Amino acid sequence: MIKHICWDLDGTLYQPTPLLEKELNALRLKLYSEITGKIQNAETWTEYQTLYAKFNSHSAVFASLGKPKEYWHNHRNKLKVTNYLESEKRTTALFEKLGKMNLTHGIFTDNMLIETKKILATMEIPRSIFKYILTIEQVGRPKPDLGGFRKVVELSDVQPNEILFVGDRVRTDIIPAKTVGMQTALVWREEKTSEADYTFPHVADVLNIFK
């Protein structure tokens, strides 16, 4: 029985537009080149992608290079990500329906609190539905470090197996959530995966669990 849903934010409650993803990749390459002293070219970009494949988190990539935990999001948020986003009817409707159910909700994100609030407002997702918003400032280490997932269990006030964690990445969201005993839903994925309890092509399809 699911009593609490914890949501990842970036890539889960919204999908980056092609233009936003292009801008983000350009920024990642620029920052990586500045840190390593290497020229911005295809070879350097391949190096960065190799690190991302290893850590499966952009915050973790820059942390591995000796930067503070907030480094990536501090720079990313200068792009004003919300300028590239708009509300999405199915996602807004999802939270309208979930808000009428006997469930509590939380957010666990590698993003920062001020940007998280802006994204929720842009997406027209009511902040009041969330019991807590757990961010990188509070956790200290980016996903998939288990500390944040254990904090989710603590803040939810229910047993781990009564929590559904919803995310868009297997290694960063699904596996660590399963490790601490949560149920999991992988979204924006057509093909099913053995790692997640549920797999859905759209985040709004999470509602199907409760029908």
Side-chain angles (χ1 to χ4, degrees), residues 2-16 20-21 24 52-61 63 69 72-73 76 81 85 88 90-92 94-95 98 103-113 115-116 119-120 123 125 127 129-156 158 160-210:
I2 296 168
K3 297 180 179 179
H4 179 82
I5 305 178
C6 183
W7 305 83
D8 173 49
L9 177 68
D10 302 303
T12 296
L13 294 186
Y14 72 91
Q15 286 281 278
L20 174 57
E21 195 60 37
L24 289 172
Y52 180 74
K54 177 181 179 181
F55 295 105
N56 209 32
S57 162
H58 297 292
S59 296
V61 168
K69 61 183 183 296
W72 164 240
H73 282 290
R76 193 198 80 150
V81 171
L85 303 179
E88 203 268 343
R90 286 193 67 192
T91 305
T92 303
L94 166 69
F95 283 94
L98 289 174
L103 296 165
T104 58
H105 299 266
I107 288 179
F108 174 31
T109 174
D110 278 344
N111 211 324
M112 301 179 73
L113 182 59
E115 191 67 13
T116 297
I119 290 171
L120 291 176
M123 297 297 295
I125 299 172
R127 204 171 76 202
I129 196 174
F130 300 106
K131 184 175 183 178
Y132 60 85
I133 297 177
L134 188 60
T135 66
I136 189 69
E137 297 109 315
Q138 300 157 276
V139 174
R141 293 176 64 87
K143 300 174 185 178
D145 185 80
L146 294 181
F149 291 88
R150 294 190 180 107
K151 188 68 174 177
V152 166
V153 176
E154 178 186 335
L155 293 172
S156 71
V158 300
N161 63 355
E162 296 173 323
I163 302 170
L164 177 70
F165 192 91
V166 183
D168 67 308
R169 294 173 294 176
V170 171
R171 288 175 55 194
T172 308
D173 297 318
I174 302 304
I175 291 177
K178 292 286 284 186
T179 300
V180 301
M182 300 182 204
Q183 299 184 56
T184 57
L186 182 67
V187 296
W188 305 107
R189 188 75 64 93
E190 294 289 343
E191 69 279 4
K192 293 187 180 297
T193 175
S194 60
E195 287 88 355
D197 297 295
Y198 306 94
T199 306
F200 298 114
H202 193 289
V203 67
D205 293 326
V206 169
L207 193 63
N208 293 336
I209 297 174
F210 304 96

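Reckoned from all heavy atoms, side chains included, excluding hydrogens, waters and symmetry mates. Because the structure is a prediction, the values reported are computed rather than measured.
- The CD1 atom of I174 sits 9.0 Å away from the CD atom of E195 when rounded to the nearest 0.5 Å.
- Between Y14 and T91, every side-chain heavy-atom pair lies at or beyond the 4.5 Å cut-off.
- In this structure, I133 and Q138 approach most closely via the heavy-atom pair O-OE1, 3.0 Å.
- With hydrogens and angles disregarded, a donor-acceptor distance shorter than 3.5 Å links the side chain of H73 to the backbone of D110.
- Within the 4.5 Å cutoff, the side chain of E162 has no heavy atoms near those of the H4 side chain.
- With hydrogens and angles disregarded, a donor-acceptor distance shorter than 3.5 Å links the side chain of R171 to the backbone of K54.
- Just one residue in the list D197, I209, I163 forms a side-chain contact (heavy atoms from CB on, under 4.5 Å) with Q183, and that residue is D197.
- Once rounded to the nearest 0.5 Å, the distance linking CZ of R150 with OG1 of T179 reads 9.0 Å.
- Nearest heavy-atom pair, G11 versus P16, reported as atom, atom and distance to 0.1 Å: CA-CD, 4.3 Å.
- The line from CD1 of I2 to CG of N161 is 10.0 Å long, rounded to the nearest 0.5 Å.
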Before giving the answer on side chain to side chain contact (heavy atoms under 4.5 Å, CB included), spell out for L13 and I125 the whole-Å C-alpha distance, their side-chain angles and the decisive distance to 0.1 Å. CA-CA 9 Å; L13 294 186; I125 299 172; 4.2 Å; yes

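- Remark: side-chain polar atoms of D168 are not paired, donor with acceptor, to backbone N or O of W188 under 3.5 angstrom.
- Atom CZ in F149 sits 8.0 Å away from atom SG in C6 (nearest 0.5 Å).
- For I5 against V166, the heavy-atom pair with the smallest separation is CG2-CG2, 3.7 Å.
- The structure places NZ of K143 at 13.5 Å from CD1 of I175, a figure rounded to the nearest 0.5 Å.
- In this structure, the side chains of V187 and D205 stay at 4.5 Å or more apart for every pair of heavy atoms.
- Ring-plane geometry between H105 and F130 is classed as perpendicular, the angle between the planes exceeding 60 degrees on a 0 to 90 degree scale with a lower cut at 30.
- Side-chain contact between M123 and T92: absent, with no pair of heavy atoms (C-beta onward) separated by less than 4.5 Å.
- The side chain to side chain donor-acceptor pair (under 3.5 Å) test with N111 singles out one residue from T116, D10, T135, and that residue is D10.
- The pair K69-D145 fails the salt-bridge criterion, with no side-chain N (NZ, NE, NH1 or NH2) lying under 4.0 Å from an Asp/Glu carboxylate O.
- Nearest heavy atom pair, residue T199 against residue K192, reads OG1-CA, 3.7 Å.
- Pairing each heavy atom of L134 with each of G148, the nearest pair is CD2-O, 3.5 Å.
- Between atom CG of residue L155 and atom CD1 of residue I107 there is a gap of 12.5 Å, rounded to the nearest 0.5 Å.
- Across all their heavy atoms, W7 and L94 have their closest contact at CH2-CD2, 3.8 Å.
- In this structure, the side chains of L103 and L164 stay at 4.5 Å or more apart for every pair of heavy atoms.
- At least one side-chain heavy atom of R76 sits under 4.5 Å from a side-chain heavy atom of E115.
- At least one donor-acceptor pair closer than 3.5 Å links the side chain of R169 to the backbone N or O of N56.
- Atom NZ of K151 has 12 or fewer neighbouring heavy atoms from other residues, nucleotides or ligands inside a 6.0 Å radius.
- R90 CZ: more than 12 foreign heavy atoms inside a 6.0 Å radius.
- Counting only heavy atoms from C-beta outward, the side chains of V152 and Y132 approach each other to under 4.5 Å.
- Under the 4.5 Å side-chain criterion, counting only non-hydrogen atoms from C-beta, V206 is not in contact with Y198.
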Going through the checks in order, is the side chain to side chain contact (heavy atoms under 4.5 Å, CB included) test met by T184 and D173? CA-CA 9 Å; T184 57; D173 297 318; over 6 Å; no

Under the side chain to side chain contact (heavy atoms under 4.5 Å, CB included) criterion, do E88 and V203 qualify, and how do the steps go? CA-CA 11 Å; E88 203 268 343; V203 67; 5.9 Å; no

Could you please spell out the steps behind the side chain to side chain contact (heavy atoms under 4.5 Å, CB included) verdict for F108 and V139? CA-CA 9 Å; F108 174 31; V139 174; 3.7 Å; yes

